[in-house]
Amino acid sequence: MKIKLRAMNFQKMLLAGMTAMSLLGFRGTDNRTSSKRFFHRQLNGQVYVVVVKSNYELKVYDDDGWYATYPAVFGSKSLDDKMMEGDRKTPEGTFHIASKRPHEKWDKMMLIDFPTKSDIDKFNERKSRGLIPKSAKIGGGIAIHGTWPHDDMAVDLFQNWTNGCISLKNEDVDELYDLLPVGATVQIEKEEKAQQ
């Protein structure tokens, strides 16, 4: 009798586990994709980027206006401005692509010039007001890069996993890498401002 009861309990547990695995396998994702303008498919003139953290998007513009939008994720879930090194927040402000290179973990990397003089001034002012500890450092090493291999799902699921960087799907970062020259402007904002 005890053996039958154990076997029945095992079967119930096995069935529950298989059901849970099946449901997890079918969980919905948006499969967020990039979008591009239909006409004027070639970039024209000066190319720049606007990152809107609240929309989880990176947008590319040129002299003709909007060119493309790519889904993106960031560091901290709060989406607030970077305060100090280690807070995992993505900085806000106007930056430039400082360098580009392939990356051994995250496909391609486009380093931005954070911290700028404006960032240093903001950091020092926050420190003097006691908003961050006196021992805090400003940090650096902020970039636009891809995901771990075969982990584009992190972007689909809005998983903010970086240490303050902007992460795109690898296919999208490959495309962006070819579009953006070193020196291109990158505007990062929390909320979308009036049409660029």
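For reference, positions follow the sequence shown, starting with 1.
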Please set out all donor-acceptor pairs under 3.5 angstrom arising from side-chain atoms of residues 137-154, sequence neighbours excluded.
{"unit_1": "Thr147", "atom_1": "OG1", "unit_2": "Asp152", "atom_2": "OD1", "d": "2.9"}
{"unit_1": "Asp152", "atom_1": "OD1", "unit_2": "Asn170", "atom_2": "N", "d": "3.1"}

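Between Cys165 and Phe74, the closest side-chain pair of non-hydrogen atoms is not below 4.5 Å. By the 4.5 Å heavy-atom criterion applied to side chains, Leu79 and Asn160 are counted as neighbours. Contact check for Tyr61 versus Val47: no side-chain heavy atoms found under the 4.5 Å cut-off.
Applying the salt bridge (Lys or Arg N to Asp or Glu O under 4.0 Å) rule to Lys127 yields no partners; only residues at least two apart in sequence or on another chain are considered. Residues forming a salt bridge (Lys or Arg N to Asp or Glu O under 4.0 Å) with Glu85 (at least two apart in sequence, or on another chain): none. Under the rule for a side chain to side chain contact (heavy atoms under 4.5 Å, CB included), the partners of Ser35 that lie at least two apart in sequence or sit in another chain are Trp66, Thr69. Residues passing the side chain to side chain contact (heavy atoms under 4.5 Å, CB included) test with Lys100, sequence neighbours excluded: Ile97, Met110, Tyr177, Val182. In this structure, Arg41 has no salt bridge (Lys or Arg N to Asp or Glu O under 4.0 Å) partners at least two apart in sequence or on a different chain.
Note on Asp81 versus Lys89: no salt bridge recorded, every NZ/NE/NH1/NH2 to OD/OE distance being 4.0 Å or above. Checked for salt-bridge contact, Lys169 and Glu175 miss the test: no charged N lies under 4.0 Å from a carboxylate O. Taking 4.0 Å as the cut-off between side-chain N and carboxylate O, Lys59 and Glu192 count as a salt-bridged pair. Under the 4.0 Å criterion applied to side-chain N and carboxylate O atoms, Glu92 and Lys53 are assigned as salt-bridge partners.
Counting only N and O atoms by type, the side chains of Asn44 and Asp63 include no donor and acceptor under 3.5 Å apart. When only modelled atom types and interatomic distance are considered, Thr116 and Asp119 share a side-chain donor-acceptor pair under 3.5 Å.
Rounded to the nearest 0.5 angstrom, Leu157 CG and Gln159 CD are separated by 5.0 Å. Here the OH-CD1 distance, from Tyr70 to Ile166, works out to 14.0 Å after rounding to the nearest 0.5 Å.
The hydrophobic clustering, which links ILVMFWY residues whose side-chain heavy atoms are closer than 4.5 Å, places Met109 and Val60 together.
Within 6.0 Å of NE2 in His103 there are more than 12 heavy atoms belonging to other residues, nucleotides or ligands.
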